[in-house]
Amino acid sequence: MRPLSFVVGTGRSGSTVLSRIINLHPEALSLNELVNSLSGADMLPARPLGGREFWGILAEPNHAYDGLLRAGASIEEFLYPKNPGRYTPETGIPALSMMVLPHLTDDPDGLLDWLESQIRAWPVRPADQHYRQLFDVLCERFDRAVVIERSGYSLKSVPALRKAFPEARFVHSFRHGPDCALSMSRHPGFRMISLVSQILEAAGVESPAELTEDHVARLPEDLAELVRHGFSPDLVVRSEVPPHQLGKVWSQAITEGTRHLNELPEDRHMALGYEQLLDAPERELTRLAEFTGLTPTPEWLAASRELLDNGRRGGSRRLPADQLRALEASCAPGMRILAGV
């Protein structure tokens, strides 16, 4: 069985460059944002399914992502629109094409067609077996031996991934909380997450499906407007969310995510801090390679260093003092947990 690892985190933690670094390694199949790409679908159904149904999970467009693009959002993680092919946000971009396939090839449409010709004929079996064969055929096509999936905002997925892939290892990619939350506040996807969280908290419910007209009537007008319009991507893109609100999202993700990770055997998870990676790239990337089953060659380490940008740290310290205090306070629960990692 091929070594399999998942790089998980809160998002905006420097993990995107980590996918690029992993993709440089000649032994690694770098699956960039596979888990997030399939967030609009039931990625791991409990029932057995055939190849046609499995292909539907991979190819069905993520309508939330297409909606953000139609609303004019500029999202660096969305790779397909930067080198557009036959699909558009208006027609729907296949989930696998948005971020996964363009990371692997300059011809994502061609790779999508090839995968469809393979997968639709696969037999009925559990979903995890389909994913393992997907990993195998991609490794064979690209001559890779080690599978590493990396998605932002994926800490919440650890229990489901652990259940489906009990042999997998997990890398927790994290970043200084206030810097991470500030970056989140500038990202439309994370603004959506924060706004939904605020609405549910104000209404006292756990799911948008539970909201009633009475709940909406009691919400602040800016939040009520979002609900009335069905979380319109246009409204989300135009909304401004204070950084401290994203600090709450970050702390909650760290709190819940580290609890999930700590339930794993010690040899099945490791922590990788973004600031530590910037300070000592050879040491930290060697740790990552040895943990995931890669060979930390001098050539790979040297090429990886070129991708790291020290200018991305410390952004929160440039905020006005009152905003920084509020942000640090909202991040404090998560920061206390990371102090023990």
Side-chain angles (χ1 to χ4, degrees), residues 1-13 15 18-19 31-49 53-54 57-58 62 64 95-96 99-100 125-135 147-175 177 180 184 189-190 192-194 196-197 200-201 205-210 248-273 288 291-293 333-334 336-338 340-341:
M1 187 176 293
R2 300 178 192 277
L4 170 64
S5 298
F6 293 94
V7 180
V8 296
T10 62
R12 313 309 294 170
S13 61
S15 60
L18 203 54
S19 274
L31 295 175
N32 176 59
E33 302 277 12
L34 175 65
V35 172
N36 274 352
S37 295
L38 305 180
S39 63
D42 183 4
M43 178 183 175
L44 289 163
R47 67 189 185 284
L49 63 160
E53 190 176 0
F54 180 61
I57 292 173
L58 301 179
N62 188 313
L96 209 59
M99 298 179 281
V100 181
R125 57 189 170 182
D128 65 284
Q129 294 183 24
H130 281 294
Y131 282 104
R132 286 188 176 88
Q133 187 165 357
L134 172 65
F135 302 159
V147 181
I148 304 177
E149 194 281 340
R150 195 283 315 170
S151 287
Y153 201 59
S154 53
L155 278 168
K156 63 186 183 301
S157 301
V158 169
L161 294 172
R162 178 189 181 188
K163 181 178 179 181
F165 307 103
E167 77 282 9
R169 297 186 169 203
F170 291 83
V171 178
H172 179 197
S173 171
F174 63 89
R175 180 184 180 189
C180 191
M184 287 177 167
F190 284 98
M192 166 69 89
I193 292 169
S194 176
V196 170
S197 178
L200 297 182
E201 182 179 356
V205 298
E206 295 185 359
S207 165
E210 299 176 45
K248 294 180 181 179
V249 171
W250 179 84
S251 278
Q252 182 177 5
I254 289 292
T255 301
E256 295 178 1
T258 51
R259 185 175 69 248
H260 296 322
L261 290 168
N262 288 337
E263 292 172 355
L264 293 164
E266 288 188 7
D267 65 345
R268 290 289 172 181
H269 67 103
M270 67 165 280
L272 183 65
L288 173 68
F291 180 77
T292 57
R336 285 194 292 269
I337 289 172
L338 290 183
V341 171

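Owing to the predicted nature of the structure, the values given are computational and were not obtained by experimental measurement. We use all heavy atoms of the structure for the numbers below, so side chains are in, but hydrogens, waters and symmetry mates are not.
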Colleague: With sequence neighbours excluded, tell me which residues meet salt bridge (Lys or Arg N to Asp or Glu O under 4.0 Å) with Arg132.
Modeller: Asp128, Glu167
Colleague: Side chains of Met184 and Trp250: does their closest heavy-atom pair fall under 4.5 Å?
Modeller: yes
Colleague: Would you indicate whether the side-chain heavy atoms of Leu31 and Tyr131 approach each other to under 4.5 Å?
Modeller: no
Colleague: Calculate, to the nearest 0.5 Å, the distance between atoms CD and OG belonging to Glu149 and Ser37 respectively.
Modeller: 8.5 Å
Colleague: Are side-chain heavy atoms of Thr10 and Val249 found at a separation under 4.5 Å?
Modeller: no
Colleague: Taking distance alone, no hydrogens or angles, what donor-acceptor pairs closer than 3.5 Å link side-chain atoms of residues 39-49 to residues at least two apart or in another chain?
Modeller:
from	atom 1	to	atom 2	distance (Å)
Ser39	OG	Asn36	O	2.8
Ser39	OG	Asn62	ND2	3.2
Arg47	NE	Glu53	OE2	3.3
Arg47	NH2	Glu53	OE2	2.2

Colleague: If we only count heavy atoms from C-beta on, is the Leu200 to Ser207 side-chain gap below 4.5 Å?
Modeller: no
Colleague: Write out all pairs satisfying ring-ring contact (aromatic ring centres under 6.0 Å, His included) with one or both partners inside residues 149-169, taking only residues at least two apart or from two chains.
Modeller: Phe6-Phe165, Tyr153-Phe190
Colleague: Output every pair passing side chain to side chain donor-acceptor pair (under 3.5 Å) with a member in residues 255-271, not counting sequence neighbours, ordered by first then second residue.
Modeller: Gln252-Glu256
Colleague: Does Leu338 form a side-chain contact (heavy atoms from CB on, under 4.5 Å) with His172? I'd like the steps, not just the answer.
Modeller: CA-CA 11 Å; Leu338 290 183; His172 179 197; 4.1 Å; yes
Colleague: Which residues pass the side chain to side chain donor-acceptor pair (under 3.5 Å) test with Glu201, not counting sequence neighbours?
Modeller: none
Colleague: Just to verify, what does Ser154 make a side chain to side chain contact (heavy atoms under 4.5 Å, CB included) with, not counting sequence neighbours?
Modeller: Val8, Ser151
Colleague: Hey, what do you get for CD1 (Ile148) to CZ (Arg2), rounding to the nearest 0.5 Å?
Modeller: 13.0 Å
Colleague: Considering residues at least two apart in sequence or located in another chain, which fulfil the salt bridge (Lys or Arg N to Asp or Glu O under 4.0 Å) criterion with Glu33?
Modeller: Arg150
Colleague: Using side chain to side chain donor-acceptor pair (under 3.5 Å) as the criterion, list what pairs up with Ser194, not counting sequence neighbours.
Modeller: Gln198
Colleague: Not counting sequence neighbours, which residues clear side chain to side chain contact (heavy atoms under 4.5 Å, CB included) with Met270? List them please.
Modeller: Val171, Leu272, Arg287, Phe291
Colleague: For the residue pair Val100 and Leu58, establish whether any side-chain heavy-atom pair is separated by less than 4.5 Å.
Modeller: no
Colleague: Residues in side chain to side chain contact (heavy atoms under 4.5 Å, CB included) with Arg336, at least two apart?
Modeller: Ala332, Pro333
Colleague: Measure from the side-chain N and O atoms of Ser13 to the backbone N and O of Phe174, and report whether any donor-acceptor pair falls under 3.5 Å.
Modeller: no
